[in-house]
Structures are given as C-alpha cells and as structure tokens.
Amino acid sequence: MIQPILILYTSALLAFNGCTPKPTPAAADATTQTVVPPAQAQPLKTGAEQLDLYLPVLQGKRVGLIVNQTSMVGQTHLVDTLLSRGVQVATIFAPEHGFRGQADAGAHIKDAKDQKTGLPIISLYGSNTKPTPEQMKGIDVLVFDVQDVGTRFYTYSSTMHYAMEAAAENNKPILILDRPNPNGNYVDGPVLEPALKSFVGMNPIPIVHGLTLGELAKMINGEKWLAGGRQANLTVIPVANYTHQTAYTLPVTPSPNLPNMQSIILYPSLCLFEGTTVSVGRGTPTPFQVIGSPYYTKKDFSFTPQSMPGAASPPHKGEVCYGLDLTQPTDAQPFTLAYLLEMYQNSTQKDKFFNNFFEKLAGTPELRKQIIAGKTEAEIRASWEPALTNYKQLRRQYLLYPDSE
C-alpha cells in the first residue's frame with residue numbers, strides 16, 4: 001500500500017527569486033532546497049507531474065531541459081507539456097542514448113534539432129558531458145528529469161552530476177524533478193574508490209546506492225562532491241506518496257537494453273559482465289536477462305547475438321554463447337556475485353575473462369583479484385566493510401522518503 005509522505009510543505013521556490021529559505025533538515029547547506037507537497041492520500045506522482053510546484057519557478061525564464069524518452073508527464077513529454085503552458089524552453093540537453101533513447105550504449109550522439117518543436121538538442125554524452133559556459137549563456141535555469149535505475153554505473157546520474165557542476169560554475173539554479181528508484185529498496189556492493197572515478201562512477205557510493213536521483217543530488221551537493229567543492233543552487237521536487245519500499249514499474253524503458261523490470265532488477269548484478277568476455281544478451285530479445293560466452297563449459301543453454309536496433313555490434317555477434325537463462329521472475333534478485341563467480345569458474349579462458357573496463361564498473365581493483373584467488377561471495381562481501389556501513393549512515397542524512405534501513 002502506498003503511504004503518504006508526512007513532510008511539511010516548504011517554500012523553497014523562493015530560492016529562484018533571491019530569497020533565502022530555511023535549510024532542509026537532511027542537509028546542512030542552504031543551497032539545497034526541497035519543495036514538498038502537502039501530505040495527501042493519493043496515488044504516486046512523480047516530480048514532473050506536480051506542475052503547480054515548479055511552473056511558477058519557470059515562468060519568464062529561459063529553460064534548459066535535460067531530458068530523454070522517460071521524461072513524461074502522463075502521456076505527454078515534459079518538453080511539450082512546458083511549451084503548452086507558455087514556458088520558454090531554450091535548449092534540450094540529451095544524455096546517453098539520446099533525446100528519444102534509441103542509441104546504442106556508448107554510441108556517439110550528434111547535436112541536432114527536435115523535428116517536432118525545432119528546439120536545439122545538445123548531446124551530453126561522449127566528448128561533451130557537461131554543458132559548456134557558451135551553452136549555458138542563453139539559459140536562466142536548468143531542469144533535470146530523467147528516469148534512473150539506481151546503480152552507480154548507469155550514466156544518467158553522471159550526467160546529473162555534471163549538470164549540477166555546470167549550474168554551480170555558471171551561477172544558474174538547477175531543478176531536479178525526482179522519480180522513483182526501481183532498485184531503491186536496498187544498498188549493496190563495493191563503494192567506489194576515488195582513483196577509479198569515471199563516467200560510469202563519479203562519486204564514492206556503492207554499486208546499488210539506494211537513492212532516487214533527487215536524494216543523490218542532495219548528497220552530491222551536501223558532501224561538496226562537485227569540482228572545487230562547489231555547491232549548486234539546487235531544488236528538488238520529490239515524488240509524492242512514495243517510500244523506498246514502494247514497488248514501481250517503469251512506464252517507459254530507460255534505455256534500449258533494459259526493456260522490462262526483469263532486466264532492471266538483474267542489471268546491478270549483470271552489468272559487471274560488461275567488463276568481461278561474457279555477453280549480457282545485447283543483440284537478443286532478452287538483454288540483461290541472459291548471460292553467456294563461447295568459453296563457458298556448460299552447454300545447457302545458448303543464444304547467438306545478432307545486430308538489431310539498440311545493439312548494432314553486440315559482443316560475440318554471430319557466435320554461439322553458452323550460459324544462463326535468467327528470464328524467469330524467480331531469477332530476479334538483489335545484487336549478487338553468484339552469476340559472476342559461476343561464469344568465471346567455468347570459463348575455458350580465465351586468463352582473458354576480464355578486460356580493463358571491469359575495474360571502473362566494480363569501483364575497486366580488489367574484486368578482480370578476489371575472484372581470481374577463488375574467494376567466496378561471503379569473503380568478498382566482508383571486504384566491503386566498513387565503507388559500505390559508513391555509506392549507509394551517510395545516506396540517511398539525505399533521504400526524502402521513508403526507508404526500511
């Protein structure tokens with residue numbers, strides 16, 4: 001049952017008009033504000049759906065939108081919703097996979113114009129991950145509204161980090177329209193070590209961080225993780241009637257190779273295979289629901305990746321891959337190393353199993369060494385302490401929603 005969020009309404013909208021609101025209890029700095037609707041017994045509403053809380057902020061402003069195909073207000077895209085209400089949208093910024101969310105993972109996204117509105121689209125993936133000062137000149141406020149899946153290596157949170165950084169550097173406010181985290185009911189995995197910071201891991205958080213992007217934005221701001229220790233003029237519009245235990249099925253697929261909730265739940269465990277010789281099913285009808293390799297010794301299950309939309313050149317294209325079928329609902333479970341250990345232990349090419357991307361995904365150089373050394377999952381998990389426990393304590397300071405931790 002969805003429980004209402006019993007938080008008082010705050011007037012953080014004044015931050016955009018030069019007034020100084022009271023700091024939120026979760027963060028010590030006054031640069032981060034949270035706009036919270038009155039508690040009501042009603043269905044879950046994303047930040048974007050609560051137009052009355054943020055439209056006043058945008059009126060008369062030139063708005064830059066960081067959005068993709070998930071940025072929906074009911075059945076209408078946020079871009080069209082704002083334009084229909086007279087908001088002056090100046091620029092669309094697109095994260096990985098592009099504005100319409102159809103590009104391959106890691107594919108170069110070109111700047112373009114939206115065919116429907118004629119608005120300029122600027123890619124924030126590849127060589128330009130952060131809005132430049134030139135791109136920020138014609139903007140009064142940045143708005144970020146992208147659905148995440150709650151893992152450190154899913155790059156939408158990195159795009160948000162850089163957007164906050166650009167806002168802080170150019171003295172522009174940034175508004176986060178929050179959305180639920182489908183993997184937000186737990187915290188797990190090794191905490192990123194600073195030496196391995198990259199676009200698939202920007203901040204010292206675990207693989208499964210247990211935060212919505214609004215909460216993560218508050219953490220980034222409060223802990224001064226932006227370049228130079230800057231803090232953004234940040235406002236978060238939380239999800240109404242949401243808790244970290246609320247089951248939430250994404251209404252729009254967040255990227256081409258996460259087509260359903262099965263893949264989204266398995267993603268935290270299976271993405272580590274992107275740093276190995278094992279296919280995660282890109283180029284099949286069931287990406288992130290099957291895993292396999294030509295070098296796996298057990299032959300009970302197989303698939304052959306082929307070129308298709310969202311996976312033009314998948315790993316092991318045209319090769320038979322042997323592995324595991326995880327398409328059944330009972331296979332979807334919280335983060336585990338069981339699949340990784342199984343595939344490594346039964347590989348005929350252990351010396352080539354890992355590639356240089358693995359450490360960036362893991363966030364630590366130790367995991368590869370531990371797997372090669374034959375450590376059990378329990379032994380490996382023990383090495384994640386006390387960093388994981390310390391993170392859980394830090395996380396509590398930035399929660400916007402009731403939690404089970």
Side-chain donor/acceptor of Ser158 to backbone N/O of Phe199, under 3.5 Å
yes
Let me see the working for Asp148 and Val146 under side chain to side chain contact (heavy atoms under 4.5 Å, CB included), right down to the final yes or no.
CA-CA 6 Å; Asp148 194 57; Val146 177; over 6 Å; no
Measure from the side-chain N and O atoms of Asn241 to the backbone N and O of Lys45, and report whether any donor-acceptor pair falls under 3.5 Å.
no
Answer yes or no: does atom NZ of Lys360 have more than 12 heavy-atom neighbours from other residues, nucleotides or ligands under 6.0 Å?
no
Has the side chain of Ser347 got a donor or acceptor atom that lies under 3.5 Å from a matching backbone atom of Tyr344?
no
Considering all heavy atoms of both residues, which atom of Thr151 and which atom of Pro268 are nearest to each other, and what is their separation?
CG2-CG, 3.6 Å
Does Lys218 pair with Glu215 as a salt bridge, N-O distance under 4.0 Å?
no
Go through the side-chain N and O atoms of Gln370 and Ser383 and say whether any donor and acceptor fall under 3.5 Å apart.
yes
Taking all non-hydrogen atoms of both residues, which atom of Ala163 and which atom of Pro131 are closest, and how far apart?
CA-CD, 4.4 Å
Nearest heavy-atom neighbours spanning Met164 and Ala232:
O-CB, 3.7 Å
Return the set of residues passing side chain to side chain contact (heavy atoms under 4.5 Å, CB included) with Leu82 (not counting sequence neighbours), or none when no residue passes.
Tyr54, Leu55, Leu58, Leu65, Leu78, Val87, Val89
Under a 3.5 Å distance rule, please check whether Asn181 uses its side chain to pair with a backbone N or O of His244 as donor and acceptor.
no
List the atom of Ala311, the atom of Gly283, and the distance in Å for their closest heavy-atom pair.
CB-N, 3.5 Å
Side-chain donor or acceptor of Asp178 paired with backbone N/O of Gly47 under 3.5 Å:
no
Could you pull out every donor-acceptor pair under 3.5 Å between side chains of residues 286-293 and any protein atom, sequence neighbours left out?
from: Gln289; atom 1: OE1; to: Asn260; atom 2: ND2; distance (Å): 3.1
from: Gln289; atom 1: NE2; to: Pro287; atom 2: O; distance (Å): 3.0
from: Ser293; atom 1: OG; to: Tyr295; atom 2: N; distance (Å): 2.9

One pair to check against side chain to side chain contact (heavy atoms under 4.5 Å, CB included): Glu223 and Leu394. What are the steps and the verdict?
CA-CA 10 Å; Glu223 297 303 306; Leu394 175 67; 3.2 Å; yes
Check whether any side-chain N or O of Asp325 sits under 3.5 Å from a backbone N or O of Thr327 as a donor-acceptor pair, and report yes or no.
yes
Please check if the number of heavy atoms outside Asn356 that lie under 6.0 Å from its CG is greater than 12.
no
Suppose we screen for ring pair (Phe, Tyr, Trp, His ring centres under 6.0 Å). Which residues come up paired with Tyr339, at least two apart in sequence or across chains?
none
Apply side chain to side chain contact (heavy atoms under 4.5 Å, CB included) to Ile220 and Met202, showing your working.
CA-CA 10 Å; Ile220 291 169; Met202 294 289 296; over 6 Å; no
Looking only at the aromatic ring of each residue, does the gap between the centers of Tyr267 and Phe153 stay below 6.0 angstrom?
yes
What one should report as the nearest heavy-atom pair of Ile176 and Gly214 is CG2-CA, 4.1 Å
Verify, without hydrogens or angle tests, whether Gln50 (side chain) and Leu177 (backbone) share a donor-acceptor contact under 3.5 angstrom.
no
For the residue pair Phe358 and Phe353, is the inter-centroid distance of their aromatic rings smaller than 6.0 Å?
no
Check the pair Leu324, Tyr296 against side chain to side chain contact (heavy atoms under 4.5 Å, CB included), reporting the backbone distance first and the verdict last.
CA-CA 10 Å; Leu324 303 176; Tyr296 185 61; 3.9 Å; yes
Please test Phe335 against Tyr186 for ring pair (Phe, Tyr, Trp, His ring centres under 6.0 Å), starting from the C-alpha separation and ending with a verdict.
CA-CA 9 Å; Phe335 179 71; Tyr186 71 108; 7.9 Å; no
Under 6.0 Å from the NZ atom of Lys352, do we count more than 12 heavy atoms belonging to anything else shown?
no
Salt bridge check, Glu342 against Lys298: does any charged N sit closer than 4.0 Å to a carboxylate O?
yes
So, does Arg368 use its side chain to make a donor-acceptor pair with the main chain of Asn355 at under 3.5 Å?
yes
Taking the side chain from Lys130 and the backbone from Glu165, do they hold a donor-acceptor pair closer than 3.5 Å?
no
Pairing of Arg282 and Glu274 as salt bridge, 4.0 angstrom limit
yes
Can Thr70 and Tyr156 be counted as having a side-chain donor-acceptor contact under 3.5 angstrom?
no
Of all the heavy-atom pairs spanning Thr91 and Ile122, show the shortest one and how long it is.
CG2-CD1, 3.7 Å
